[in-house]
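Take a look at the structure set out below.
Every heavy atom of this structure was used, including side-chain atoms; hydrogens, water molecules and symmetry mates were not.
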Amino acid sequence: MAPMRAEPFNDSSALIDFVINQGNGVKGLSEMGLKALPRQYIQPLEERMCMINITTQESIPIIDMSNPNDPEVVKLICEAASKWGFFQIINHDVPIEVLENVKDATYKFFGLSAEVKNKYSKEHSSSNNVRFGTSFTPQAEKALEWKDYLSLFYVSEEEASALWPLACREQVLDYMRKSEVVIKQLLKMLMKGLNVNEIDETKESLLMGSMRTNLNYYPKCPNPELIVGVGRHSDVSTLTILLQDEIGGLFVRENNGDNWIHVPPIMGSLVINVGDALQIMSNGKYKSVEHRVVANGYNNRISVPIFVNPRPSNMIGPLPELIKDGEKPIYKQVLYSDYVKHFFRKGHDGKKTIAFAEL
């Protein structure tokens, strides 16, 4: 039977006006108590999450970081980045209260009125580095994603203090500061796995020269089986450090297969995944992997990723240490900002962005 559709929004321009122009987002739709979805959110069959394709036998690795200098920990992290592209870390150096504070601040920001949140939208924000929005790239998508977000690109403490919303500013800055230790530990281990034993200033800038934090809000949905929270994609980062709440909904594509693996929420853990930039720099040794978020009919869900990136002005390609002994490069050198623009120019489409850098 065809799904019921939400009558007030059969007209696309009315939907765009309510969700995007007025700043209500999908949170506003969810709070209207709609019994059915606006058609603009209904995904084609091939993009819906088929429960038959979910494997319960496997889980991504869970790695204890209480002794980050232990060679066994280094080995586990490098293996996880090569085989899975995803892993969870526990007993890391980011205090639990910092994680809880940033989750509370996320709810606080999304609890603001549409009028206040809309001040940070593409049309009204005083900076491209602070952006409130919905879906991914609404103008390029066949069907919209059921997600609102606030994206905060870090330039300096001064800019953050001046421009970031007061509701979440200090908590996000604290989360980013406290995560830096863990990010550096992970990058040091991953470089060791590539026989790159020293991370000098230039290399550090290439691996983690810029950072962006998103506050993601996935409101409960009347027909969760028909939509996606986030469509299939891999990140364009070096690494992504993800804090998820207790609700769950993140799925990772199984290595070399069509099945999907749920990433179970673990109190106090952080989910780490390899991004395309690191896949390119490692010449394919570390894998960025497709992942997606499903919607939920009962609960609102939040997540807070930190995207650790090269600088926009960096050229990325296989690290010179990897190809000096005759290893054949499988990626060319590309300007990182060009790679990112290519990613944002289209809807989510799995792993297709990586072709931009292939030789």
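- Judged by distance alone, the side chain of Y175 and the main-chain N or O of V304 form a donor-acceptor pair under 3.5 Å.
- Checked by atom type, the side-chain pair N300/Y217 shows a donor-acceptor distance below 3.5 Å.
- With a 6.0 Å radius and a threshold of 12 heavy atoms from other residues, nucleotides or ligands, E201 has its CD atom at or below the threshold.
- With hydrogens and angles disregarded, no donor-acceptor distance shorter than 3.5 Å links the side chain of N223 to the backbone of E225.
- Residues N309 and S237 bring no donor and acceptor atom of their side chains to less than 3.5 Å of each other.
- A distance of 7.0 Å separates OG1 in T238 from CG in L206, rounded to the nearest 0.5 Å.
- Without hydrogens or angle criteria, Y218 side chain to C221 main chain gives no donor-acceptor distance under 3.5 Å.
- Within the 4.5 Å cutoff, the side chain of I280 has no heavy atoms near those of the I330 side chain.
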- Message: Using the rule given for side chain to side chain donor-acceptor pair (under 3.5 Å), can you reason through S151 versus N214, listing the C-alpha separation, both sets of side-chain angles and the distance that settles it, and then say yes or no?
- Response: CA-CA 4 Å; S151 183; N214 272 19; 2.9 Å; yes

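- Here salt bridge (charged side-chain N to carboxylate O under 4.0 Å, His left out) pairs that include residues 211-221, with residues two or more places apart or in two chains, number zero.
- Between L163 atom CG and L152 atom CG the span is 10.0 Å, to the nearest 0.5 Å.
- Looking only at side-chain heavy atoms (C-beta outward), P68 and M189 come within less than 4.5 Å of each other.
- Using a 3.5 Å distance cut-off with no hydrogens or angles, the side chains of S205 and R311 do pair a donor with an acceptor.
- A donor-acceptor pair shorter than 3.5 Å cannot be found between the side chains of N283 and Y331.
- Nearest heavy atoms, P265 versus H262: CD-CE1, 4.2 Å.
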- Could you go through the salt bridge (Lys or Arg N to Asp or Glu O under 4.0 Å) check for K203 and E321 one step at a time? CA-CA 11 Å; K203 188 79 90 262; E321 293 90 338; 2.9 Å; yes

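- For D104 and Q171, the side-chain atoms include no donor-acceptor pair closer than 3.5 Å.
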- For F153 and S210, what are the C-alpha separation, side-chain angles and deciding distance, and is it a side-chain contact (heavy atoms from CB on, under 4.5 Å)? CA-CA 8 Å; F153 184 87; S210 70; 3.7 Å; yes

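- No side-chain donor-acceptor contact under 3.5 Å links N314 to the backbone of I316.
- Taking all atoms of both residues into account, the shortest heavy-atom contact from V289 to R253 is CG1-O, 3.4 Å.
- Nearest heavy-atom pair across A277 and Y336 is CB-CE1, 4.1 Å.
- A ring-ring contact (aromatic ring centres under 6.0 Å, His included) with H291 holds for exactly one of F251, F86, W260; it is F86.
- Using modelled atom types and a 3.5 Å distance limit, the side chains of S303 and Q244 yield no donor-acceptor pair.
- The two atoms that bring D245 and I302 nearest to each other are OD2-N, 2.9 Å, heavy atoms only.
- A donor and an acceptor atom, one from each side chain of D276 and S288, are located under 3.5 Å apart.
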- From CA spacing to verdict: side-chain contact (heavy atoms from CB on, under 4.5 Å), Y41, L29: CA-CA 11 Å; Y41 288 92; L29 287 179; 3.5 Å; yes

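- Remark: N118 engages S121, H124 in a side chain to side chain contact (heavy atoms under 4.5 Å, CB included) (not counting sequence neighbours).
- Counting only distance, with no hydrogens or angles, the side chain of D148 and the backbone of T134 share no donor-acceptor pair below 3.5 Å.
- By the rule that hydrophobic residues join a cluster once side-chain heavy atoms approach within less than 4.5 Å of another member, I89 and V74 end up as members of one cluster.
- No donor-acceptor pair under 3.5 Å is formed between the side chain of N24 and the backbone N or O of A114.
- Note that the CG atom of N21 and the CG atom of L15 stand 10.0 Å from one another [nearest 0.5 Å].
- Looking at K27, its side chain does come within 3.5 Å of a backbone N or O of F110 through a donor-acceptor pair.
- When side chains are defined from C-beta on, L187 does not count as touching K184, because their heavy atoms never get closer than 4.5 Å.
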- Query: Yes or no on side-chain contact (heavy atoms from CB on, under 4.5 Å) for V182 and L186, after CA distance, side-chain angles and deciding distance?
  - Reply: CA-CA 6 Å; V182 177; L186 290 169; 3.9 Å; yes

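- Nearest heavy-atom pair across N129 and E159 is ND2-OE2, 3.0 Å.
- Between P305 and T213 there is no side-chain heavy-atom pair separated by less than 4.5 Å.
- Of the charged side-chain nitrogens involved, none lies within less than 4.0 Å of a carboxylate oxygen, so that E198 and K188 do not count as a salt-bridged pair.
- Panel note: side chain S82, backbone C78; a donor-acceptor pair is recorded below 3.5 Å.
- The shortest side-chain heavy-atom distance between M65 and V73 falls under the 4.5 Å cut-off.
- Linking ILVMFWY side-chain heavy atoms closer than 4.5 Å, directly or via other members, places L242 and V181 in two distinct hydrophobic clusters.
- The structure places CG of L239 at 7.0 Å from CD1 of I272, a figure rounded to the nearest 0.5 Å.
- One N or O on the side chain of S125 and one on the backbone of V130 form a donor-acceptor pair closer than 3.5 Å.
- Atom CD of E115 is surrounded by 12 or fewer heavy atoms from other residues, nucleotides or ligands within 6.0 Å.
- The distance from the CD1 atom of I90 to the CD1 atom of I63 is 9.5 Å, given to the nearest 0.5 Å.
- F307 is not connected to V94 by any chain of hydrophobic side-chain contacts under 4.5 Å among Ile, Leu, Val, Met, Phe, Trp and Tyr, and they are in different clusters.
- By the rule that hydrophobic residues join a cluster once side-chain heavy atoms approach within less than 4.5 Å of another member, L99 and I266 end up as members of separate clusters.
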- Decide salt bridge (Lys or Arg N to Asp or Glu O under 4.0 Å) for K285 and E327; before the verdict, give the C-alpha distance in whole Å, the side-chain angles of both, and the deciding distance to 0.1 Å. CA-CA 12 Å; K285 288 186 174 61; E327 183 179 320; 2.9 Å; yes

- Message: Please evaluate residues E290 and K351 with respect to the criterion salt bridge (Lys or Arg N to Asp or Glu O under 4.0 Å), reporting the C-alpha separation (whole Å), side-chain torsions for both, the decisive distance (0.1 Å), and the verdict.
- Response: CA-CA 6 Å; E290 271 185 67; K351 279 277 291 178; over 6 Å; no

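- Without hydrogens or angle criteria, Q88 side chain to P264 main chain gives a donor-acceptor distance under 3.5 Å.
- Closest approach of K287 to V274, counting heavy atoms only: O-CB, 3.3 Å.
- Linking ILVMFWY residues whenever their side-chain heavy atoms come closer than 4.5 Å, directly or via other members, places L270 and L173 in the same cluster.
- Side chains of M176 and M211 form a contact here, defined as non-hydrogen atoms less than 4.5 Å apart.
- Between the side chains of N101 and D174, not a single donor N or O lies within less than 3.5 Å of an accepting N or O.
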- Task: List the steps, then state whether side-chain contact (heavy atoms from CB on, under 4.5 Å) holds for L37 with W146.
- Result: CA-CA 10 Å; L37 278 173; W146 194 259; 3.7 Å; yes

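- In this structure, NE2 on H92 lies 10.0 Å from CG on D64, to the nearest 0.5 angstrom.
- Contact annotation: the side chain of P310 approaches that of M281 to within less than 4.5 Å [non-hydrogen atoms, C-beta and beyond].
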